[in-house]
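Residue numbers start from 1 in every chain, and the chains themselves are labelled A, B, ... in the order their sequence lines are given, proteins ahead of strands. Worth knowing before you read on, the calculation uses all heavy atoms, side chains too, and leaves out hydrogens, waters and symmetry mates.
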Protein chains: 2
Amino acid sequence: MAQTPARTLTREGIAAAALVVLEREGLAGLSMRKVAAEAGVQAASLYWHVRNKEELLDLLGDALVADAELPPRTGGWREQYLEYGRRYRALLLARRDAAKVVAGRLTTGPHVLAVLEDQLDRLRAAGFADADAAMAAYLLSAYVQGFVLQEQSPLSAAEAAGASRGQAARAAGDVFRALPAETHPNLVALADDLTDPDMDSRFEFGLQRLADGLAALLRQR
Amino acid sequence: MAQTPARTLTREGIAAAALVVLEREGLAGLSMRKVAAEAGVQAASLYWHVRNKEELLDLLGDALVADAELPPRTGGWREQYLEYGRRYRALLLARRDAAKVVAGRLTTGPHVLAVLEDQLDRLRAAGFADADAAMAAYLLSAYVQGFVLQEQSPLSAAEAAGASRGQAARAAGDVFRALPAETHPNLVALADDLTDPDMDSRFEFGLQRLADGLAALLRQR
DNA sequence: TCGCACCCCCTAACGCCGTTAGGGGGCTAT
DNA sequence: ATAGCCCCCTAACGGCGTTAGGGGGTGCGA
């Protein structure tokens, strides 16, 4: 556990160390002691720079979106909105447990603010009213975060035992198919559809519905 | 801490005790020891009925939707879909930390399955293709869970210090307004819209977009 | 009636956690 | 030189999830 940053600790250095620990151990394994060790320091020293673990996680949440690449400003607002959603999901999937970190957390960190600023700018330029633009932005992040959380949730502990995503999906399908057809006919009939492992398509489906709904709003006002 | 269930422990009794502890202490304060005490038992005894805490939380997640009331089967699919979303959100708001419990958790508990079965039945009856019905159901739960998580997240620790929701919203608005207008013009301009404390309206906005998007899909196929 | 097996809960302990109290080394400014 | 402050240290507290192993109670076969 060599120290990552310079000799003296900073909030940025702590965030960087936390990122390393998160990647290595996951959110459940991220402790103040391990972050401190990664930063070359004792656990109690963190409390000089950070009020508590919650505040450290706020730092981590903002650091996670630090290297977000914004979509190009080409094409219509719809394509840009879709691309925003896709890149946000990709970012959450790229770093271990990122979705769990950012989920219940409304950071006002600089990186988060920069992304939000940019997105609002595009939505207003597209003709959305102020309040609609704000809500459209929240809508997208709520959907993406909710989707990735579901996507990454272990399928009732099935795949925790080393099963691949596809195997787990098949096992989940078996659960549905094994239900009594008198009480749960739809679950039995749609077992394959409900456990389709193509997460990209499932995400895209919802994303297109969101865009369609916003397009209808834009048309009517 | 009187024992809630009968003399001998059951998985249902454990879930009931966990519900009581969750309501009293929140998810962060829910420990195996406290659940055991609530059930009139020692902590280690729980492990006879439950593999680990994760499995206890699965039980809890299913128990949380046990008393869900399904919307009436009147009106069109759209109104029923909207009402599903509203009731799901109300249910997550009704019990402390319910959203955090169910968020990263795909239970196949009996109560969850019953609700899913009913919802799929309505969507198929409305004319949605099998795969579309399955994805529409997932879409709604992803949105509701994501929204409630955001809704309940402390506004950057502002309201943790006893501030009301409205006060916290005003404080968050001040954060946006205090930003330099050259770099963040949209955040400054939309500070009020971004921090509008009327969560019901914000939720309804997204819900209507989802329904509109699904309606467009139904029309085109 | 005895004894055996099995179910279910117990006590005790391990190593980890977040957090706080209080001490002290080393720089900076007087 | 010395006062003061910044920043990290050691040590400890109470609580956590989890496991090992023991032992009462109950029902069943002999």
From CD of A/Glu54 across to C1' of C/dC17 the rounded distance in Å is 15 Å
task = Applying salt bridge (Lys or Arg N to Asp or Glu O under 4.0 Å), run through A/Asp200 and A/Arg89 and close with a yes or a no.
result = CA-CA 10 Å; A/Asp200 290 358; A/Arg89 169 167 174 258; 3.1 Å; yes
Hits for side-chain hydrogen bond (donor to acceptor under 3.5 Å, both in side chains) against A/Asp132, two or more places apart or cross-chain, chain-then-number order -> A/Arg221
Across all chains, not counting sequence neighbours, the side-chain hydrogen bond (donor to acceptor under 3.5 Å, both in side chains) partners of B/Arg122 are B/Gln80, B/Asp118
Give one of base, sugar-phosphate or nothing for A/Ser31, where a contact means two heavy atoms less than 4.0 Å apart.
sugar-phosphate
**Item:** Residues A/Arg202 and A/Glu151 bridged, charged N to O under 4.0 Å
**Value:** no
| query | Between B/Arg209 and B/Phe205, is NZ or CZ placed under 6.0 angstrom from the six-membered ring centre and within 45° of the ring axis? | reply | yes
Residue pairs passing the side-chain hydrogen bond (donor to acceptor under 3.5 Å, both in side chains) test with at least one member in residues 133-144 of chain B, sequence neighbours excluded, are A/Gln150-B/Ser141
note: A/Met32, atom CE; D/dC13, atom C1'; distance rounded to Å ~ 17 Å
Salt bridge (Lys or Arg N to Asp or Glu O under 4.0 Å) between B/Glu83 and B/Arg87, worked out | CA-CA 6 Å; B/Glu83 194 59 21; B/Arg87 293 190 182 212; 3.2 Å; yes
In short, salt bridge (Lys or Arg N to Asp or Glu O under 4.0 Å) pairs touching residues 188-197 of chain A with sequence neighbours left out are A/Arg177-A/Asp192
Among the nucleotides D/dG17, C/dG18, D/dC9, whichever has the atom closest to the side chain of A/Lys53 is C/dG18
Out of C/dC10, D/dC16, D/dC8, minimum distance to the side chain of B/Arg33 belongs to D/dC16
When rounded to whole Å, the CG to P distance for the pair A/Asn52 and C/dG18 reads 11 Å
Rounded to whole Å, the CD-C1' distance (B/Gln42 to D/dT18) equals 15 Å
Derivation of the salt bridge (Lys or Arg N to Asp or Glu O under 4.0 Å) call for A/Arg24 and A/Glu38
CA-CA 11 Å; A/Arg24 191 176 57 221; A/Glu38 183 63 35; 3.2 Å; yes
When rounded to whole Å, the CD to C1' distance for the pair B/Glu55 and D/dG17 reads 15 Å
A/Glu25 CD to C/dC16 P, in whole Å, measures 12 Å
Given protein heavy atoms under 4.0 Å, the one-letter contact record of nucleotides 20-28 of chain C, with B base, S sugar-phosphate only and - none, is simply B--------
Note to self: Using a heavy-atom cut-off of 4.0 Å across all strands, would you classify A/Leu46 as base, sugar-phosphate, or nothing?
What the structure shows: nothing
Protein N or O to nucleotides 5-8 of chain C N or O, pairs below 3.5 Å:
unit_1, atom_1, unit_2, atom_2, d
C/dC8, OP2, B/Trp48, NE1, 3.0

